[in-house]
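We're numbering straight along the sequence, starting at 1.
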Amino acid sequence: MSRPSHPPTLLTIARRTIVDESLLAPGDAVLLAVSGGRDSMALLHVMSLLAKKNAYRLLAFGVDHGLRPEAARELDLAESFSRELGVPFGRASVDVAPGGNLQARARDARYLALEDAAAAFGASVIATAHHADDRAETFLLRLLQGSHAAGLAVLPAKAPAANEGKITRIRPLIRANRESIDAHITRHVIAFANDPSNANPRFARARVRHEVLPLLRTMSPKIIEQLCGLADELAPCSEAANARGHAYPLSRATQLALAELRRTQSGTARIQLPGGLVAMADRTHVWSETAEATLSETASTRPLKTDHIRCSPYGCAPGSMVLVKGLFSWPAPEVKT
């Protein structure tokens, strides 16, 4: 009688993902994004084990957004564990102003700090602790926001960051589910911190995680694997869109609303756009993997005449508004769509 098979360990899943997706080569310098939370502490432990056989040069790095007083203590926990594993640790603080879309803006600020730290460390790779459940949640969020097929190819194992390709983001745990991470944490008795905002229903992701996905699991127990598989299948759509650009039609009402937003630069107005975008006025352009757009304060003040948003990886025409997600550009009136 054959013995029952057991699911692969988190270490095995990460090792296979690194090899199958060509995420790293022996000797690579890698910045590990850590927060003290369950997922990032598991990533830190797994990568420290893999580094011994592959000579990876690691730096664990945390970012305090200044939004919760507990965050500094959580990073202290991550620093203590890093030192226990023999991994150097660094941290930075960023300022995130209160207001709408708080989680997305905090994430953007964090990635900018991580990229700066990676460059200073001499790393061309940032590893994050995203896993299969995160990917399924992001897929559903994009779907609910009206994303087209290209926008549903979320959280690939490997993706360029926002600084002209100098830094690559990798996700060694992206093929692992939350149960695998929980099992690793328990098996190795790893301490971690809980961020209460992850359960706050004011954030859409929390509602998808705690309300939508549990319901879908009752109807399809393998919903995580199915959504991740669909994201993989849609990857060619994303690659094709990035290669040639893509135009999304705008209704007359949306054109008028965008023109008004461009004129007023309102800090509170939000306009739903095709492709899962949300237009908002801001003073900076920052990369976002979320369905968020940023309108440049330097954009042309002429009346809006174009009836499309054009997606292109090559940036924007002079005088255009930037909708950061890909990149997306809003051409100036003289630019044909």
Side-chain angles (χ1 to χ4, degrees), residues 6-21 23-24 30-50 58 60-62 74 78 81 103 107 110-111 114 125-143 152-159 161 168-188 190-195 197-199 203-210 212-214 216-217 220-235 289-290:
H6 295 282
T9 65
L10 187 64
L11 182 64
T12 298
I13 294 172
R15 182 190 298 116
R16 289 176 181 172
T17 303
I18 289 172
V19 172
D20 293 348
E21 302 287 346
L23 302 186
L24 294 170
V30 186
L31 184 139
L32 306 175
V34 298
S35 65
R38 179 192 305 258
D39 301 340
S40 68
M41 296 291 261
L43 173 70
L44 174 56
H45 186 248
V46 164
M47 291 302 297
S48 72
L49 296 176
L50 294 176
L58 305 179
F61 198 87
E74 292 164 3
F81 189 45
Q103 283 194 326
R107 182 165 50 249
R110 178 171 69 251
Y111 274 124
L114 290 172
V125 175
I126 295 173
T128 65
H130 292 104
H131 48 76
D133 291 61
D134 292 325
R135 196 179 193 201
E137 292 165 8
T138 305
F139 185 100
L140 290 174
L141 284 167
R142 292 279 183 89
L143 189 64
L152 296 175
V154 296
L155 299 184
K158 185 177 186 178
T168 299
R169 295 180 193 171
I170 64 171
R171 303 177 175 101
L173 308 185
I174 201 64
R175 305 298 182 196
N177 57 29
R178 185 168 281 116
E179 288 76 12
S180 298
I181 292 175
D182 290 345
H184 186 89
I185 290 287
T186 300
R187 183 180 302 117
H188 296 279
I190 299 172
F192 64 90
N194 277 313
D195 180 351
S197 67
N198 290 331
F203 298 119
R205 181 176 293 274
R207 296 195 64 188
V208 167
R209 178 176 301 172
H210 298 291
V212 179
L213 271 175
L216 291 177
R217 280 197 184 95
S220 176
K222 293 187 177 295
I223 188 64
I224 300 296
E225 294 91 330
Q226 291 162 349
L227 292 176
C228 290
L230 188 53
D232 285 336
E233 291 179 18
L234 291 172
E289 291 194 335
T290 63

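Taking CD1 of Ile223 as the start and CG of Leu227 as the end, the distance is 4.0 Å to the nearest 0.5 Å. Note: Ile126 CD1 to Thr168 OG1 = 9.0 Å, rounded to the nearest 0.5 Å. Expressed to the nearest 0.5 Å, how far CG of Asp20 lies from CZ of Arg175 amounts to 8.5 Å. In this structure, Leu114 CG and Thr128 OG1 are separated by 9.0 Å, a value rounded to the nearest 0.5 Å.
Between the Ser220 side chain and the Arg217 main chain, no donor and acceptor come within less than 3.5 Å of each other. Here the side chain of Ser180 pairs no donor or acceptor atom with the backbone of Ala176 at under 3.5 angstrom.
Salt bridge status for Asp134 with Arg209: present, with a side-chain N to carboxylate O gap under 4.0 Å. Ionic pairing of Asp195 and Arg38 is not present here: no N-O contact between side-chain nitrogen and carboxylate oxygen is shorter than 4.0 angstrom. Remark: Arg178 does not engage Asp39 in a salt bridge, criterion side-chain N to carboxylate O under 4.0 Å.
Shortest non-hydrogen contact noted between Val154 and Phe139 is CG2-N, 3.8 Å. Of all heavy-atom pairs between Met47 and Pro172, the closest is SD-CG, 4.2 Å. Closest heavy-atom contact between Val30 and Ala127: CG1-CB, 3.9 Å.
Between His45 and His188, the angle of the ring planes lies from 30° to 60°, which puts this pair in the tilted group.
Under the side-chain hydrogen bond (donor to acceptor under 3.5 Å, both in side chains) test applied with Glu137, the options Arg142, Arg205, His130 reduce to a single match, Arg205.
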